[in-house]
Amino acid sequence: MRRDERALRELSPWLWLALALALAAQLAWRAHAPSASVREADLPPAPSAAALRLASFGEPQAAARLAMLYLQAFDYGGANPNPYRRLDYARLIDWLSAILELDPKSDYPLFAAARLYAETPDAAHSRMVLELIYRQFFADPDRRWPSLAHAALLAKHRLQDLPLARRYAAAIERNTHSPDVPIWAKQMEVFILEDMNELEAARIMLGGMLESGAIHDADEARFLRQKLQELERRGAPGAK
């Protein structure tokens with residue numbers, strides 16, 4: 001069992017006490033604060049990863065989890081119809097960055113970034129979080145690709161920004177090497193290129209994938225050959 005996956009009963013007592021006190025303080029604060037108060041969005045500046053590590057007393061993974069619990073308590077629910085809309089996103093990104101530095105193997109900070117904070121209706125805030133996911137992806141591409149894949153989908157469907165979606169998809173295709181990364185994640189750029197009407201670029205890229213021998217599933221290879229033929233027909237002179 002990895003150290004970051006050990007049983008909760010092995011955590012030191014002070015961490016349980018800290019968690020209990022934090023939850024109790026949060027409940028007390030919620031009970032006495034007006035539900036629509038702007039204070040719900042008063043996220044304080046993030047501590048440095050070094051300060052968090054010092055405060056963890058040798059338990060960085062547990063401290064990172066506590067920090068995520070603390071972070072997610074801000075501006076969630078209450079009378080706010082759009083959770084996280086009023087957060088200071090610059091501070092939010094600093095918090096997420098510090099937590100990731102404290103526990104680089106944790107998937108949750110980037111999962112929360114992609115699935116919670118990036119899905120805000122505020123496009124500028126969403127872009128800030130997507131760029132955080134993109135930057136952090138390069139520290140561990142074979143572990144962090146799912147969050148960047150979701151970022152590509154958000155860029156394409158929610159922001160309607162195909163060049164940005166392609167940038168994220170291209171990073172996955174070029175920087176992941178583990179056999180555990182599914183082929184659909186590697187193929188995202190091809191279909192985004194097609195959406196951009198960059199048919200020749202999509203055809204070249206798809207042809208390269210097929211020729212490389214990286215696609216081992218017969219049904220998947222058959223589907224992609226059909227897609228390649230379709231791209232060739234669409235890109236032929238006189239084709240409509």
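For A50, the side chain to side chain contact (heavy atoms under 4.5 Å, CB included) partners are S48, not counting sequence neighbours. Among residues two or more places apart in sequence or in another chain, the side-chain hydrogen bond (donor to acceptor under 3.5 Å, both in side chains) test is passed with D161 by R127. Partners of P104 under the side chain to side chain contact (heavy atoms under 4.5 Å, CB included) rule, at least two apart in sequence or in another chain, are R144. Applying the side-chain hydrogen bond (donor to acceptor under 3.5 Å, both in side chains) rule to R203 yields the partners E200; only residues at least two apart in sequence or on another chain are considered. Scanning for salt bridge (Lys or Arg N to Asp or Glu O under 4.0 Å) contacts around E173 gives an empty result, with sequence neighbours left out. Not counting sequence neighbours, N197 has no partner by the side-chain hydrogen bond (donor to acceptor under 3.5 Å, both in side chains) test. Residues forming a side chain to side chain contact (heavy atoms under 4.5 Å, CB included) with R167 (at least two apart in sequence, or on another chain): E131, Y134, L164. Not counting sequence neighbours, the partners of P45 by the side chain to side chain contact (heavy atoms under 4.5 Å, CB included) test are R91.
You'll find the side chain of L96 stays beyond 4.5 Å of the side chain of Q136, heavy atoms only. Contact check for L87 versus H125: no side-chain heavy atoms found under the 4.5 Å cut-off. Counting only heavy atoms from C-beta outward, the side chains of Y117 and L71 approach each other to under 4.5 Å. The shortest distance between side-chain heavy atoms of I133 and Y168 does not fall below 4.5 Å. Counting only heavy atoms from C-beta outward, the side chains of P47 and W95 approach each other to under 4.5 Å. By the 4.5 Å heavy-atom criterion applied to side chains, M68 and P109 are counted as neighbours. You'll find the side chain of Y89 reaches within 4.5 Å of the side chain of T120, heavy atoms only. Contact of the L130 side chain with the L154 side chain is registered, since non-hydrogen atoms from C-beta on lie closer than 4.5 Å.
Put simply, CG on D122 and CE on M128 are 9.5 Å apart, with the number rounded to the nearest 0.5 Å. Atoms CG and CD1, on L199 and I204 in that order, are 11.0 Å from each other to the nearest 0.5 Å. Between the CG atom in D107 and the CG atom in L100 there is a gap of 10.0 Å [rounded to 0.5 Å].
Contact between A152 and A165 at its shortest, heavy atoms only, is O-CB, 3.4 Å. Taking every heavy atom of both residues into account, T176 and P141 meet most closely at CG2-O, 3.6 Å. Heavy atoms only, all atoms of each residue included: S178 and D142 are closest at N-OD1, 3.2 Å. Smallest separation of non-hydrogen atoms from A185 and I172: O-CG2, 3.7 Å.
Under a hydrophobic clustering in which Ile, Leu, Val, Met, Phe, Trp and Tyr are joined whenever their side-chain heavy atoms come within less than 4.5 Å, directly or via other members, L54 and I99 fall into different clusters. No path of Ile, Leu, Val, Met, Phe, Trp and Tyr side chains, each step under 4.5 Å between heavy atoms, connects L162 with L153, placing them in separate hydrophobic clusters. Placement of M196 and L159 in two distinct hydrophobic clusters is found when ILVMFWY residues are connected by side-chain heavy-atom separations under 4.5 Å, directly or transitively.
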(message) Evaluate K105 against Q61 for side-chain contact (heavy atoms from CB on, under 4.5 Å), listing each step before the verdict.
(response) CA-CA 9 Å; K105 296 298 184 183; Q61 292 86 7; over 6 Å; no
(message) Walk me through whether F138 and L148 qualify under side-chain contact (heavy atoms from CB on, under 4.5 Å).
(response) CA-CA 10 Å; F138 293 99; L148 190 59; 6.0 Å; no
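The closest side-chain donor-acceptor pair between Y108 and Q72 falls under 3.5 angstrom.
S126 contributes a side-chain N or O that, together with a main-chain N or O of A118, makes up a donor-acceptor pair within less than 3.5 Å. The backbone N or O of I93 sits less than 3.5 Å from a side-chain atom of S97, completing a donor-acceptor pair.
Identified under the ring pair (Phe, Tyr, Trp, His ring centres under 6.0 Å) test for residues 169-214, with sequence neighbours left out: W145-W184. Pairs of residues two or more places apart, or lying in two chains, never qualify as salt bridge (charged side-chain N to carboxylate O under 4.0 Å, His left out) while including a residue from residues 179-188. Legend: salt bridge (charged side-chain N to carboxylate O under 4.0 Å, His left out) pairs involving residues 150-160, not counting sequence neighbours, sorted by first then second residue: K156-D195.
Connectivity analysis of hydrophobic side chains (ILVMFWY, heavy atoms under 4.5 Å, direct or indirect) links L52 to L102.
Checked for salt-bridge contact, R174 and E189 meet the test: a charged N lies under 4.0 Å from a carboxylate O.
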